[in-house]
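What follows is a short report on a single structure.
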Amino acid sequence: MASPTTKDQSHIEIDDINEESQQITEKDIVEKDMAPLPGSSIHRSSSRPQLDVSGAAIQGNFEEKDPAILLPNQTDDISHLALDIGGSLIKLIYFSRHADRQVDDGRKRKVKERLGVTNGSRRSYPILGGRLHFVKFETSKINECLDFIHSKQLHCGGMDPRCWPSDAPPSENAVIKATGGGAYKFADLFKERLGVSIEKEDEMNCLVSGANFLLKAIRHEAFTHMEGHKEFVQIDQNDLFPYLLVNIGSGVSMIKVDGDGQFQRVSGTNVGGGTYWGLGRLLTKCKSFDELLELSQRGDNSTIDMLVGDIYGGMDYSKIGLSASTIASSFGKTISENKDLEDYKPEDISLSLLRMISYNIGQIAYLNALRFGLKRIFFGGFFIRGHAYTMDTISFAVQFWSKGDAQAMFLRHEGFLGALGAFMSYEKHGLDDLMVHHLVERFPMGAPYIGGNVHGPPLGDLNEKISWMEKFVRKGTEITAPVPMAPPATTGLGGFEVPSSKGVLRSDASKLNVGVLHLVPSLEVFPLLADPKTYEPNTIDLSDHGELEYWFTVLSEHLSDLVDKAVASEGGTDDAKRRGDAFARAFSAHLARLMEEPAAYGKLGLANLLELREECLREFHFFDAYRTIKQRENEASLAVLPDLLMELDSLTEDMRLLTLIEGVLAANIFDWGSRACVDLYHKGTIIEIYRMSRKKMQRPWRVDDFDAFKGRMLGSGDRKPQPHKRALLFVDNSGADIVLGMLPLARELLRRGTEVVLVANSLPALNDVTAMELPDIVAEAAKHCDILRGAAEAGGLLVDAMSNIQDGYKENTPSVPLMVVENGCGSPCIDLRQVSSELAAAAKDADLVILEGMGRSLHTNYNAKFKCDALKLAMVKNQRLAAKLVKGNIYDCVCRYEPAS
C-alpha cells in the first residue's frame, strides 16, 4: 500500500469511477520512442497496431532527457480488458492508464542531474502509472457484465464515457482476449452488444501465466490456511519452480509448472466444484453455489459421515494415526439409519459433501506432488472462493498424507488466474518486466471482493461514490460493512444484491479482498538495506487480536478530529463536509472489515493501517488535511530559528552535537497523529511546548547510543574520524520538528563537509513535511544562515528562491550540497522495499542514514539493518508502544545508533 512518487500522482484513482479525476481522452500520453503501448495495444490478426504520429508534440519540459510525447490524432484501439468466462463466473481484468505528466521544476531537475537520475529506464514501461482492476460477475448475468464494459467504454479503450458519443462504435477490428468455455459460447453476443470480436486463448496456458505473474510480482499473494489461521508466505521468485498448480473448477486439473511457458497437465479428477454444486443442488435445493457454501458453515458432518470413533467406540485409532473425528466413510452413517433425505439437515449434507470432495482433491494433489518430488502445491479455482472450511479441509488432507512434509498454499487472486493470463497474452503487455516492488495494492471503496457478488456499480464520478457511501447500512452508530444499497427490487447494475436487513456483507469472514493493483515501475528497493529478502518494515505485528483492537481504537478515536481538520482544509464548505462524512464512513468500514478478518487485505501491520487511512482521505479528495496548520507552525518556527542557530554556534563541538540531538528529540513531540500531542496543542503555543520538551531532555534516554554516535562523529583525543560522505535524513513533521530539529542537524553535517539529502514524503500525510514543501522552508531558513544558503545553492534548492536574502554570502561557504528528494510514499511510515528512484540514486553514495520520528524509526524500521551507519531518533508518544518496544513510558526518547552491518 505505498504511495505514488510524483506530485501529479496525488490524483488517486477511485475504483469503479471512470478515471474521474484524470479526464483522460484520446490524447493520452505515450513514450517518446512511439512504440506501441505494451499491455495497451489490441492484437489484431492481420497486423500490429500502428501509431498516428501526425501532429505529435512534446508535452511539458523540453529540457527533460526523455520528455513525453502527445499524439493528438492517435485513434488506434487500446486494449484495456481481458476475460475468463467460466460456466459459473465471469472474471474480468481491466487496465486503466494514468499519464505520467511532467512537472517543470527546476530545483528537482537539478537534483536529478546531480544524482544521475534519468527517465531512460522508464521507456520500457509504457504501463507506468497504470492500474489493474479485478471484477467478477455471475455468468448467468452476462448482460450485466456487458453493461459494465459499455459503461466504462472498455471495449473502446477505457476512456471516460462522458468523452464519447453514446453511439460511438469501436473499430471493426477491435479484439478482446478471453479464455474459458464462455469465450466460444458468448462470442456472438459480444459482437452483437459491443461490436468486438473475441480472440480465444488457451485456458491452461492462461492459468499458468496468471499464476506465475502473481507468485513473482505480489508480495503477499500466497498463504497457508490451517484451522482458520492464515499465514502469508513470501515466495522467492528465484526459487519458485517447479510447483504443482491445482485448479479446481467444475472438474480438477493438476498442472506441473517448470517455468514461464513450461508446464504439463499431469493429472486431474472429474470430482470437483461441479460435483459439489450438482449434488448439493439435488440434495439440498440450494439455488446458488454461494448459498450451498454458506449452508456448510452451520453444518455438522458427524450426523452423516461415519467417523473413526463410530467404528472404535469413540476411541482414536492411534496405531495408524487416526483420531476419533477422522472421516472413515463419507455419508457412511446413512447406510445404517432408517432415514429419508428430508430427515437430514441440508447444512449437514452440504458440509459432508464439501469435506468429501475437498479431502479427495487434497489427497490426489499430494500424491501427484510426491510423484514428481514437488514441495509447493498451490490451489486455485472458483471452488475455493476464500472459503475457510474448504481451505482447511484441503490443507488437512495435504498435511495428513504428507506427514507434514508438504503444505497446501492458496492465492489471494485465485479466481483471476485465467483472466490475468489472457490479459498477458496481448503482444507486449509490459507485465513481464515488473518486479514485486513495482506493484502497490490499494483498497478503495467499491473494490471487488473474492467470492459472491464482488464488484461495485460503475460509478460515474466522486459525487456518485459519496451518494453510494451515504447508503451504507448502519447498525446503531456502527458501520458494519461496505455494502451498497441498490434500488428496491433490483440487484443494481453490476450484480450487487440488496443486502439483508442486518447489513452483513457476507457470512464467510475468511474471504479475502482484492484491491486495485497500481503499477509503478519507478519504485525501487532501497539499496542500503543489509538484506532486502529478510527485511520487514512493520515493528508492530497486528496478528495479535489484542494489539489489533488497541490500534483500531486509537484510530477510531482520532477519526473525528481528523475529519474536522480535513473539512477545515477545504474551507469548511458543504461539499467538504459531505466528503468528510463519506471518508469517515469509508474508513470506519475498512476498520470493521479488518477487525472481522485482519488478513482480508493481505499481511497487516500498523504501517498498512496508517497508509490505508491516508489513501482513504485522498480517495475523497482531501489531499492535504493539515495544510493550514503546517504553514502556521513553519512560520512560528522559522521566526525563532536565528536565535537557536546563534545559541548553537556559541557551544563547544561536544556540547553542540548533544544539543542538536536533544533538539531533534524535543522537536519530534509535534505530531498531529498522536493523541497525547494533540492534547498538548490545546495547552500552549508551539514554542512553549518546544521549550518544555527541551527541558525534559535528561540523559540517559530510554535507548541511548549517543556516546557511540558521538565517537563516530568526533572521535576521541587527537584521532579525528573522516566525515561521512553523504547523509540521508528521513524527516518527519513540519514546524518545529523540521525547522528547529532536523535542519540544524543537517547544518552541522554540512559544516563538517558531509553532503546532506533531506528525504521527505512524496504526498502529504498528517502534518508530515513533503518534498514539495521543503525547498521553500530551506530558502526561508537560508536567509539567516550562510552555511545553509551555500549548501542549498549547491544542491539546486535556491533556483527559484528570492534573491534578496539579507545576510551576506561568505566566500568560504562550504560547497557540499544540501538536496531534497521525495521518498516515494504518502504515509507516516515507510516501507524501504518501495522507494522513489531518486532516493535510490541518492543512497548509492550515502554512508549515513538518519531515520527520525515514530512512523519511520519505531512503527517501521526499528529493527531494520543497513549497509551503512544508521541513527534512529524519536520521541515515543504512545504509552503502549513505549511499553512494548522500549519497555518505557510515554515521552521517552530513542537514540539508537548502529554502525554499518
How about [X] and [Y]: do any of their side-chain heavy atoms sit closer than 4.5 Å?
X: Glu547; Y: Lys884; value: yes
X: Gln234; Y: Glu536; value: no
X: Val516; Y: Phe134; value: no
X: Leu559; Y: Phe583; value: yes
X: Leu562; Y: Arg613; value: yes
X: Leu519; Y: His438; value: no
X: Leu81; Y: Leu92; value: yes
X: Phe137; Y: Ile142; value: no

Looking only at the side chains, is there a donor atom on one of [X] and [Y] sitting less than 3.5 Å from an acceptor on the other?
X: Tyr389; Y: Asn301; value: no
X: Ser288; Y: Asp290; value: no
X: Tyr535; Y: Asn861; value: yes
X: His621; Y: Arg579; value: no
X: Lys603; Y: Asn608; value: no
X: Tyr276; Y: Ser350; value: yes
X: His220; Y: Tyr601; value: no

Do the charged groups of [X] and [Y] touch, with an N to O distance under 4.0 Å?
X: Glu441; Y: Arg131; value: no
X: Glu414; Y: Arg385; value: no
X: Glu619; Y: Arg442; value: no
X: Asp581; Y: Arg585; value: yes
X: Asp561; Y: Lys565; value: yes

- prompt: So with a 6.0 Å cut-off around CD of Gln879, is the heavy-atom count from everything else above 12?
  reply: yes
Mark yes or no for whether [X], through its side chain, and [Y], through its backbone, hold a donor-acceptor pair below 3.5 Å.
X: Glu291; Y: Lys287; answer: yes
X: Thr770; Y: Pro764; answer: no
X: Glu597; Y: Ala599; answer: yes
X: Thr860; Y: Cys829; answer: no
X: Thr139; Y: Leu89; answer: yes
X: Asn761; Y: Ser827; answer: yes
X: Arg856; Y: Pro828; answer: yes
X: Lys230; Y: Gly228; answer: no
X: Thr224; Y: Met409; answer: no
X: Gln834; Y: Leu439; answer: yes

message: Is the positively charged end of Lys136 above the ring of Phe416, judged by distance under 6.0 angstrom from the centroid and angle within 45° of the axis?
response: yes
- request: Give a yes/no verdict on a cation-pi contact between Arg618 and Phe623, requiring under 6.0 Å between NZ or CZ and the six-membered ring centre and an angle within 45° of the axis.
  value: no
Say you draw a straight line from [atom1] of [X] to [atom2] of [Y]; how long is it, rounded to the nearest 0.5 Å?
X: Asn767; Y: Ser734; atom1: CG; atom2: OG; value: 6.0 Å
X: Leu132; Y: Phe423; atom1: CG; atom2: CZ; value: 5.0 Å
X: Leu542; Y: Trp551; atom1: CG; atom2: CH2; value: 9.0 Å
X: Leu214; Y: Leu420; atom1: CG; atom2: CG; value: 5.0 Å
X: Cys286; Y: Leu295; atom1: SG; atom2: CG; value: 4.5 Å
X: Arg412; Y: Phe223; atom1: CZ; atom2: CZ; value: 8.5 Å

message: Between Arg298 and Asp348, does the salt bridge (Lys or Arg N to Asp or Glu O under 4.0 Å) criterion hold? Intermediate values first, please.
response: CA-CA 8 Å; Arg298 306 192 299 271; Asp348 298 343; over 6 Å; no
task: Show the numbers, then the answer: is there a side chain to side chain donor-acceptor pair (under 3.5 Å) between Asp575 and Thr573?
output: CA-CA 5 Å; Asp575 172 67; Thr573 63; 4.7 Å; no
Minimum heavy-atom distance [X]-[Y], with the two atoms named:
X: Glu227; Y: Asp392; answer: N-OD1, 2.9 Å
X: Ala874; Y: Ser857; answer: CB-OG, 3.5 Å
X: Leu548; Y: Pro598; answer: CD2-CG, 3.5 Å
X: Asn823; Y: Ser762; answer: OD1-N, 3.4 Å
X: Arg593; Y: Glu596; answer: NH1-OE1, 2.8 Å
X: Leu617; Y: Ala566; answer: CD2-CB, 4.2 Å

- prompt: Does the pair Ile90 and Asp84 meet the rule for a side chain to side chain contact (heavy atoms under 4.5 Å, CB included), with working shown?
  reply: CA-CA 6 Å; Ile90 299 171; Asp84 178 2; over 6 Å; no
task: Starting from the C-alpha separation in whole Å, work towards a yes-or-no answer on side chain to side chain contact (heavy atoms under 4.5 Å, CB included) for Phe622 and Cys616.
output: CA-CA 9 Å; Phe622 293 109; Cys616 198; over 6 Å; no
message: Quick one, Leu83 with Cys145, criterion side chain to side chain contact (heavy atoms under 4.5 Å, CB included). Give me CA distance, side-chain angles, the key distance, then yes/no.
response: CA-CA 10 Å; Leu83 303 101; Cys145 174; 4.0 Å; yes
- request: Take Leu411 and Leu417 through the test side chain to side chain contact (heavy atoms under 4.5 Å, CB included) and record every step on the way to the result.
  value: CA-CA 9 Å; Leu411 306 175; Leu417 302 186; 3.9 Å; yes
- prompt: Which class fits the ring pair Phe289 and Trp277: parallel under 30°, tilted 30 to 60°, perpendicular over 60°?
  reply: perpendicular
- line: Test side-chain contact (heavy atoms from CB on, under 4.5 Å), reference His859, set Leu609, Leu885, Leu610, Asn538, output is Leu610
- request: Tell me whether the centres of the aromatic rings in Phe378 and Phe410 are closer together than 6.0 Å.
  value: no
